[in-house]
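The structure appears below as structure tokens.
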Amino acid sequence: MSSTSPATEPEQNTELAVEQAAVADLYRRLDANREHAVYRFKQALAMPAINPQALGEREAAASFQTQRITALDAAEHGLVIGRLDREEQPQPLYIGRVGLPADDPGGDPALVDWRAPASRPFYTATPFRPEGVVRRRHIRTRGRTVSAVNDEVLSIDAATAGDGPALTGEAALMAALTAERTGRMTDIVATIQAEQDAIIRSDARGVLVVQGGPGTGKTAVALHRAAYLLYTHRERLGRSGLLVVGPTPTFLSYIADVLPSLGETGVLLAGLGQLRPGLDARGTESPETAEVKGRLAMVDVLTAAVRDRQTLGRGVRELVIDGVRISLRPADLTRARTAGRRASRQHNLGRPAFARAVADLVTERYVGRIGADVRGGETLLDRRDVDALRSEVLGDPAVRRLVDELWPTLTPEELVGDLLTSADRIRRATKNWTDEDRALLLRTDGTAWTPADVPLLEEADELLGYDDSAERAAEARRQRRERAEAQDTLDMLHGSRSTDLEDDEEGEELTAGDLLDAESLAARNAEVDYRTTAERAAADRTWTFGHVVVDEAQELSAMTWRLLVRRCPTRSMTVVGDLAQTGSLAGAQAWGEALRPSVGDAHWRLAELTVNYRTPAEIMAVAAAVLEAGGAQTAAPRSVRSTGVPPTQEKVAEAELPGRVAEVAAELAGLGGTVAVIVPPSRLAATLDAVRSELPAAQAGADADSRRAPVVLVPGEAKGLEFDSVVLVDPCAVLAEGVRGYSDLYVALTRSTQRLAVVHPGELPEELSGLVPV
């Protein structure tokens with residue numbers, strides 16, 4: 001590995017002074033750039049909007065400067081990351097959170113954005129492949145003051161000195177790893193390692209699957225990759241947007257600060273239950289029910305449910321139109337239904353054709369009854385009479401009621417809700433299903449929507465469609481009215497012009513009518529959409545994103561993958577997860593099997609993270625035994641650090657268990673940092689009560705905020721999170737109660753960055769025999 005150059009205290013102080021001067025100059029440039037951006041922002045707001053084009057240009061300029069100001073504000077903390085000393089360049093190249101120009105436009109920038117190609121050697125250069133770098137210096141700051149520098153001299157001799165994985169900026173990395181957690185994920189821009197950098201800068205095309213065990217930084221890598229892609233493809237992703245999908249709202253809260261700290265605020269974050277605009281699905285259901293809803297077979301079930309709503313009933317249907325009785329046979333209605341289905345594959349869009357076909361049948365028979373020619377002709381009504389009669393029939397209440405009954409307008413919520421609350425509808429839509437699977441779908445009316453329902457509602461939207469013809473007609477009427485009002489305004493201005501001018505003078509005077517026509521004037525008064533791309537995307541179900549990042553992707557069902565591919569038809573995705581941590585029955589056991597139905601074999605590639613930066617080696621040794629016992633096909637990642645603090649275990653009587661867990665949690669909280677108590681579901685309530693007796697501010701569940709007090713979680717809620725200390729309660733029950741027990745236990749064991757204490761009432765699983773007794 002690279003060597004860390006030793007330095008005496010005077011030398012260190014000299015280097016600190018050198019870097020302090022450089023950092024102070026870069027902050028001066030940051031301030032100047034921000035002042036300039038604010039000035040340009042004010043200039044943009046002051047631009048006159050004399051026409052729609054000028055208005056659009058003004059808003060674009062203001063938006064650009066707003067983003068620039070946001071990025072410069074975000075760079076205030078930790079502006080400078082380090083510098084590169086190069087073989088063929090006399091001046092060092094400084095690397096930071098944003099790019100800042102130098103005074104000489106022909107030379108290097110004063111500060112290179114960490115995402116720029118020139119900064120890559122800072123993360124990837126090695127003694128064997130120095131990439132023209134002689135020395136890499138990591139600069140740590142506190143506020144605007146340089147607190148430490150750490151040098152790596154890239155030489156072949158130094159490379160043969162170590163046995164472990166080569167770590168870029170080891171001192172800075174270890175300082176970040178051992179720091180107390182705050183309950184929020186922070187960026188890793190200053191400590192990105194080579195294997196992480198390769199993934200961050202990977203091609204945006206296709207689906208990149210990042211397989212990584214606990215503590216490998218896969219979530220941070222995915223978020224930094226999002227920031228890198230936004231930097232590299234700013235124009236495209238600025239228009240189409242970037243979506244980050246997480247398993248729970250708590251997880252999204254945990255990662256919410258990362259992208260803003262990198263100057264990126266235009267990203268939409270959504271949990272699996274929030275992927276449908278306007279819906280926050282947080283209901284719960286059994287794992288078995290979620291698994292059934294996640295099957296691709298649900299596409300056929302929903303298709304059958306739609307066709308089931310296009311019913312004909314039995315027998316002859318009779319209508320009374322103005323006292324005339326009209327009979328419609330099943331064969332007549334079958335023809336009308338065929339016309340509706342041919343008109344559109346989407347139910348709601350086929351309804352107008354069905355309604356017209358019914359009206360045609362009724363009109364034909366009505367005309368035959370009232371328009372008969374007593375002299376033997378075909379009819380006494382001409383074509384215009386028949387057309388007028390058809391319009392009346394189409395609006396007749398009896399006809400409308402029949403159409404509503406046989407081909408109702410449906411919302412996705414109505415279709416899915418009616419299906420899942422009716423055993424008869426489920427039976428008709430699930431041919432060849434077992435009664436056990438059908439029973440899992442059935443629920444009582446009024447049950448809250450769950451995350452597994454969201455893909456079903458989205459699929460229903462695709463099958464139903466939305467007939468917006470009434471809205472389009474209303475919009476067209478509104479635009480005609482506004483143009484007419486604008487023309488009236490111009491006419492009034494023309495009519496009120498000065499009458500004191502001579503005819504030749506009048507021809508030289510510019511009036512409003514010379515500068516604007518009615519359409520331009522109406523457009524100036526049109527409402528301007530000031531929402532960001534993310535805000536517009538969040539409200540639009542049909543929005544397609546330029547890139548999608550999916551975390552904890554091993555938990556996704558086949559139906560959820562289908563939804564995400566629909567949201568990103570280009571299949572430009574970053575998918576991160578760990579197959580060894582799959583806790584859902586609908587989740588992945590192999591990436592190829594999970595992705596093949598929606599993505600296809602040719603559109604995805606695999607990258608792996610193999611180094612565990614979070615979990616100490618003492619804890620990881622125990623977790624690796626659990627991983628092996630669970631039969632996982634993936635290897636445990638190798639830890640890069642050891643704390644010297646072994647994980648402990650304490651056996652207590654069942655009656656004393658909650659109280660002792662509370663005492664241990666309080667002891668660990670007293671050591672500082674964040675604390676989590678992870679319990680099997682059956683012990684959640686009792687444990688929370690006991691912990692609150694010692695620590696009243698303790699919280700529970702997926703919405704808990706670990707920054708304020710210890711949290712009590714079940715293993716599934718702890719996934720993706722990290723804490724300084726963890727108390728694991730009754731691991732045997734975790735194994736027994738989990739859908740995939742060994743995965744749940746593996747997750748629970750690997751949440752800690754410093755300390756792990758196991759408290760249990762009975763015997764321990766054999767895999768935990770290495771724990772040190774208290």
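Excluded from the calculations below are hydrogen atoms, water molecules and symmetry mates; all remaining heavy atoms, backbone and side chain alike, are included. Bear in mind the structure is a predicted one, so any value in this text is a computation, not a measurement.
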Exercise. Side-chain donor-acceptor pair under 3.5 Å between Asp551 and Thr219, yes or no?
Worked result: yes

For this session: Count the heavy atoms of every other residue, nucleotide or ligand shown that sit under 6.0 Å from CZ of Phe64, and state whether that count exceeds 12.
Result: no

For this session: Would you mind reporting whether Arg201 and Asp197 have side-chain heavy atoms less than 4.5 Å apart?
Result: yes

Problem set entry | Heavy-atom pair of closest approach, residues Ala118 and Leu93 | O-CD2, 4.0 Å

For this session: Give a yes or no on whether a salt bridge exists between Arg97 and Glu76, defined as a side-chain N under 4.0 angstrom from a carboxylate O.
Result: no

Exercise. How many angstroms lie between SG in Cys568 and CG in Leu243, if you round to the nearest 0.5 Å?
Worked result: 8.5 Å

Seminar exercise, completed: So CZ of Arg58 and OG of Ser63: to nearest 0.5 Å the spacing works out to 13.0 Å

Problem set entry | Neighbour count above 12 (heavy atom, 6.0 Å) for Arg205 CZ | no

Exercise. Between Thr145 and Gln20, do the side chains contain an N or O donor and an N or O acceptor separated by less than 3.5 Å?
Worked result: no

Seminar exercise, completed: Shortest non-hydrogen pair, Pro121 vs Leu84, comes out as CB-CD1, 4.1 Å

Exercise. When you measure from the side chain of Ser752 to the backbone N and O of Gln754, does any donor-acceptor pair fall under 3.5 Å?
Worked result: yes

Seminar exercise, completed: Here the pair of heavy atoms bringing Leu45 nearest to Ala62 is CD2-CB, 4.2 Å

Exercise. Salt bridge check: are Arg29 and Asp31 linked by an N-O gap of less than 4.0 Å?
Worked result: no

For this session: Would you mind reporting whether Val550 and Leu556 have side-chain heavy atoms less than 4.5 Å apart?
Result: yes

Seminar exercise, completed: Taking every heavy atom of Pro277 against every heavy atom of Ala538, the minimum-distance pair comes out as CB-O, 3.2 Å

Problem set entry | Main-chain N/O of Val38 paired with Gln65 side-chain donor or acceptor, under 3.5 Å | no

For this session: Output yes when Arg86 and Asp108 qualify as a salt bridge under the 4.0 Å nitrogen-oxygen rule, no when they do not.
Result: yes

Exercise. Within the distance-only criterion (no hydrogens, no angle test), does the side chain of Arg136 pair as donor or acceptor with the backbone N or O of Phe122 below 3.5 angstrom?
Worked result: yes

For this session: Would you name the heavy atoms of Gly215 and Asn612 that are closest together and state the gap between them?
Result: CA-OD1, 3.4 Å

Exercise. Are any of the side-chain heavy atoms of Val549 and Arg225 separated by less than 4.5 Å?
Worked result: no

Problem set entry | Enclosure of Glu87 CD (heavy-atom neighbours >12, cutoff 6.0 Å) | yes

Exercise. Taking the six-membered ring for Trp, are Trp114 and Tyr123 parallel (under 30°), tilted (30 to 60°) or perpendicular (over 60°)?
Worked result: perpendicular

Seminar exercise, completed: Rounded to the nearest 0.5 Å, the CZ atom of Arg566 sits from the OG1 atom of Thr542 at a distance of 12.0 Å

Seminar exercise, completed: For Gly720 and Arg751 the tightest heavy-atom approach is N-NH1, 3.4 Å

For this session: Keeping the roles fixed (side chain from Glu35, backbone from Ala32), state whether a donor-acceptor pair exists under 3.5 Å.
Result: no

For this session: Look at the side chain of Arg120 and the backbone N and O of Ala125, then say whether any donor-acceptor pair between them is shorter than 3.5 Å.
Result: no

For this session: Flag the pair Leu564 / Val245 as yes when at least one side-chain heavy-atom distance between them is below 4.5 Å, and no otherwise.
Result: yes

Exercise. Donor-acceptor pair, Thr141 side chain versus Arg144 backbone, under 3.5 Å?
Worked result: no

For this session: May I ask you to decide if Leu154's main-chain N or O and Arg135's side chain share a donor-acceptor pair within less than 3.5 Å?
Result: no

Exercise. Do Gln43 and Tyr39 have side-chain atoms, one donor and one acceptor, less than 3.5 Å apart?
Worked result: yes

Exercise. Is the side chain of Ser253 donor-acceptor paired with the backbone N or O of Pro249 at a distance under 3.5 Å, no angle test?
Worked result: no

For this session: Examine the side chains of Thr574 and His547 and answer whether a donor and an acceptor come within less than 3.5 Å of each other.
Result: yes

For this session: Measure the CG-CD distance between Leu229 and Glu264 for me, rounded to the nearest 0.5 Å.
Result: 10.0 Å

Exercise. Does a donor on one side chain and an acceptor on the other come within less than 3.5 Å for Gln554 and Asp578?
Worked result: no

Problem set entry | CG-CG distance between Leu262 and Leu230, expressed to the nearest 0.5 angstrom | 10.0 Å

Problem set entry | Residues, nucleotides or ligands: over 12 heavy atoms within 6.0 Å of Gln89 CD | yes

Exercise. Are more than 12 heavy atoms from other residues, nucleotides or ligands located less than 6.0 Å from atom CZ of Arg40?
Worked result: no

For this session: In plain terms, say whether Glu608 and Lys218 are close enough for a salt bridge, that is, a side-chain N and a carboxylate O under 4.0 Å apart.
Result: no

Exercise. Going by heavy atoms in the side chains, are Trp561 and Leu595 under 4.5 Å from each other?
Worked result: yes

Problem set entry | Flag side-chain contact, heavy atom, 4.5 Å: Trp543 against Arg567 | no

Exercise. Do side-chain atoms of Thr674 reach the backbone of Asp724 as a donor and acceptor pair under 3.5 angstrom?
Worked result: yes

For this session: Measure the spacing between CG of Leu609 and CD of Gln211 and express it to the nearest 0.5 Å.
Result: 9.0 Å

Exercise. Can you check whether Gly238's main-chain N or O pairs, donor with acceptor, with Thr533's side chain at less than 3.5 Å?
Worked result: yes

For this session: Go through the side-chain N and O atoms of His138 and Glu152 and say whether any donor and acceptor fall under 3.5 Å apart.
Result: yes

Problem set entry | Pair Arg614 + Glu722, salt bridge at N-O below 4.0 Å | yes

Problem set entry | Check: Val244 and Leu268 side chains under 4.5 Å, non-hydrogen atoms | no

Exercise. Do Thr265 and Gln67 touch side chain to side chain, with heavy atoms closer than 4.5 Å?
Worked result: no

For this session: Consider only side-chain N and O atoms of Glu131 and Thr124, and report whether a donor and an acceptor are under 3.5 Å apart.
Result: yes

